[in-house]
2 protein chains.
Amino acid sequence: MDRIDRKLLNLLQRDASRTNAHMADEVGLSPSSCLRRIRRLRQAGIIDRVVAILNPAKAGRRLRAVVTVELRLHGEPNTRQFLDLAAREEAVIQAHAVTGEVDAILMLRLRDMEEYDALCHRLFQGRTNVARYWTMMVIRTAKDETAIPL
Amino acid sequence: MDRIDRKLLNLLQRDASRTNAHMADEVGLSPSSCLRRIRRLRQAGIIDRVVAILNPAKAGRRLRAVVTVELRLHGEPNTRQFLDLAAREEAVIQAHAVTGEVDAILMLRLRDMEEYDALCHRLFQGRTNVARYWTMMVIRTAKDETAIPL
DNA sequence: CTCAGAATGCAATAAAATTGCACGGATGTG
DNA sequence: CACATCCGTGCAATTTTATTGCATTCTGAG
């Protein structure tokens, strides 16, 4: 993992659709060398996968929300059970167990408020293990990266 | 945006490294038709970009945290100023203004606690506009998608 | 300094993407 | 219902890109 690897990873984290020859130019290597490095980074699992990022609005998911959740019954099996339940919801993009005043945090991608309402009913109301929950609707996004700083 | 487009987008959101011919097979189209659809989805901006997703641990960013922030001075210019400040930090992956009991929420990718400490000093202490902040360190992740449900 | 292992560049080859073109199905109109 | 038009499709030719073998160069340990 030298300087060139880092440079390649940074390029790939922003735009993985460039041709290998172009990438080689950027880092000052021959196409074959460049390709072999990228392949090595993939096989080592440093590059986990390559994905397409959609425009949320154009994909019909304008709303974004963060929900913090306090459970009634804390501890390992209960937390896991709730997270698994949440993970099954397609609107739930991320589900984490966390430290702090709450037990879990969910990131949502929503079509509209109707979907939010329905989701809350399924996850938070009825006979679920949720004591309280706090919803933060995203008003404005100043930064939104998938890239991990190196 | 018919059924085939949605299928293509779902495939690309999980793995955009497949060959066009493979994708064509998956959706039951010829390679040329498949390619033209993908190109159209890109030009329409539905596909925003294609990126490499790294393994956080192998990239040296084992720690993940969510921080909610209450500002001293609320309202538009102050919130924007704080978000811009936060966005300049490389450990800050996402920065949002939100509704609810807090004003902003930050997603962090951290190397270690030392980096967290330094970041807190820069963003939350001293003469910044932050009244209080709550850190939730991610213990376990049950779901972590970049894909937007269609 | 010397040697072994790893990385590199070049050129040939294989694979993939891209394009032109003709066909077929859906839609709208007289 | 016949007809013209438009859009998407598949095939095959072409161009571009990825991949590999091999000789050379670089790097680090002893």
Side-chain angles (χ1 to χ4, degrees), chain A residues 1-62 111 145-150, chain B residues 1-62 90 111-112 145-150:
Chain A
M1 265 279 277
D2 59 0
R3 209 183 53 85
I4 294 181
D5 279 345
R6 262 187 292 278
K7 206 166 174 182
L8 277 174
L9 288 173
N10 273 328
L11 289 170
L12 289 169
Q13 284 195 108
R14 317 288 165 187
D15 179 7
S17 69
R18 273 169 290 203
T19 67
N20 180 54
H22 192 294
M23 300 272 309
D25 261 2
E26 296 265 359
V27 300
L29 279 182
S30 71
S32 55
S33 263
C34 181
L35 186 71
R36 277 186 277 248
R37 271 174 183 264
I38 293 174
R39 192 189 301 158
R40 185 161 42 73
L41 290 168
R42 257 214 225 217
Q43 283 178 340
I46 298 173
I47 296 175
D48 184 54
R49 61 197 199 279
V50 176
V51 302
I53 303 292
L54 306 193
N55 179 320
K58 291 183 179 170
R61 296 266 166 184
R62 282 176 176 72
R111 209 175 289 283
E145 300 251 328
T146 51
I148 290 172
L150 297 175
Chain B
M1 266 279 278
D2 59 359
R3 209 181 52 83
I4 295 181
D5 279 346
R6 262 186 292 279
K7 206 166 174 182
L8 278 174
L9 288 174
N10 273 329
L11 289 170
L12 289 168
Q13 283 196 108
R14 316 288 164 186
D15 179 7
S17 70
R18 274 170 290 202
T19 67
N20 180 53
H22 192 296
M23 300 272 310
D25 262 2
E26 296 265 358
V27 301
L29 278 183
S30 72
S32 55
S33 263
C34 181
L35 186 72
R36 277 187 276 248
R37 271 175 184 264
I38 293 174
R39 192 190 302 158
R40 185 161 40 74
L41 289 168
R42 258 216 223 214
Q43 285 177 339
I46 298 172
I47 297 175
D48 184 53
R49 60 197 200 278
V50 175
V51 302
I53 303 293
L54 306 193
N55 179 320
K58 291 183 179 170
R61 296 267 166 183
R62 283 177 176 71
E90 67 166 12
R111 208 175 289 284
D112 48 40
E145 300 250 328
T146 52
I148 290 172
L150 296 176

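Every value quoted in this text rests on a predicted model; they were computed, and no experiment measured them. Residue numbers begin at 1 in each chain, while the letters A, B, ... track the order of the sequences.
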CZ/A:R49: more than 12 non-hydrogen atoms of other groups inside 6.0 Å: yes
May I have the distance from B:L35 (atom CG) to C:dT19 (atom C1'), rounded to whole angstrom? 10 Å
Closer than 4.0 Å, any side-chain N/O of A:S33 to the OP1 or OP2 of C:dG9? yes
Using the side-chain heavy atoms of B:L29, tell me which of these nucleotides is nearest: C:dT8, D:dT9, C:dA17. D:dT9
Pick base, sugar-phosphate or nothing for B:R39, based on heavy-atom distances below 4.0 Å to the nucleic acid. sugar-phosphate
Along DNA chain D (nearest heavy atom to each residue), the more 5'-positioned of A:A21 and B:C34: B:C34
Between A:R18 and A:R36, which is nearer to the 5' end of DNA chain D once each is assigned its nearest nucleotide? A:R18
What is the distance, to the nearest angstrom, from the CD1 atom on B:I4 to the C1' atom on D:dC7? 14 Å
If you look at every strand shown and take non-hydrogen atoms under 4.0 Å, does A:R37 touch a base, only sugar-phosphate, or nothing? sugar-phosphate
Contact between B:M23 and B:E26 at the side-chain level, heavy atoms closer than 4.5 Å - yes or no? no
Tell me whether the side-chain N or O atoms of A:S32 pair up with the base of C:dG9 as donor and acceptor below 3.5 Å, since no angle test is needed here. yes
Provide, to the nearest angstrom, the distance between the CG atom belonging to B:D2 and the P atom belonging to C:dG25. 17 Å
Between P on D:dT9 and CG on B:D25, what's the gap in Å once rounded to a whole number? 15 Å
Tell me the interatomic distance from B:I38, atom CD1, to D:dT9, atom C1', rounded to whole angstroms. 15 Å
Is B:R62 atom CZ crowded by more than 12 heavy atoms from other residues, nucleotides or ligands, each under 6.0 Å away? no
Euclidean distance, atom CE of residue B:M1 to atom P of D:dG8 [Å, nearest integer]: 14 Å
To the nearest 0.5 Å, what is the distance between CG on A:L9 and CG on A:L41? 5.0 Å
Counting side-chain heavy atoms from CB outward, which of D:dT17, C:dA17, D:dT9 is closest to A:T19? D:dT17
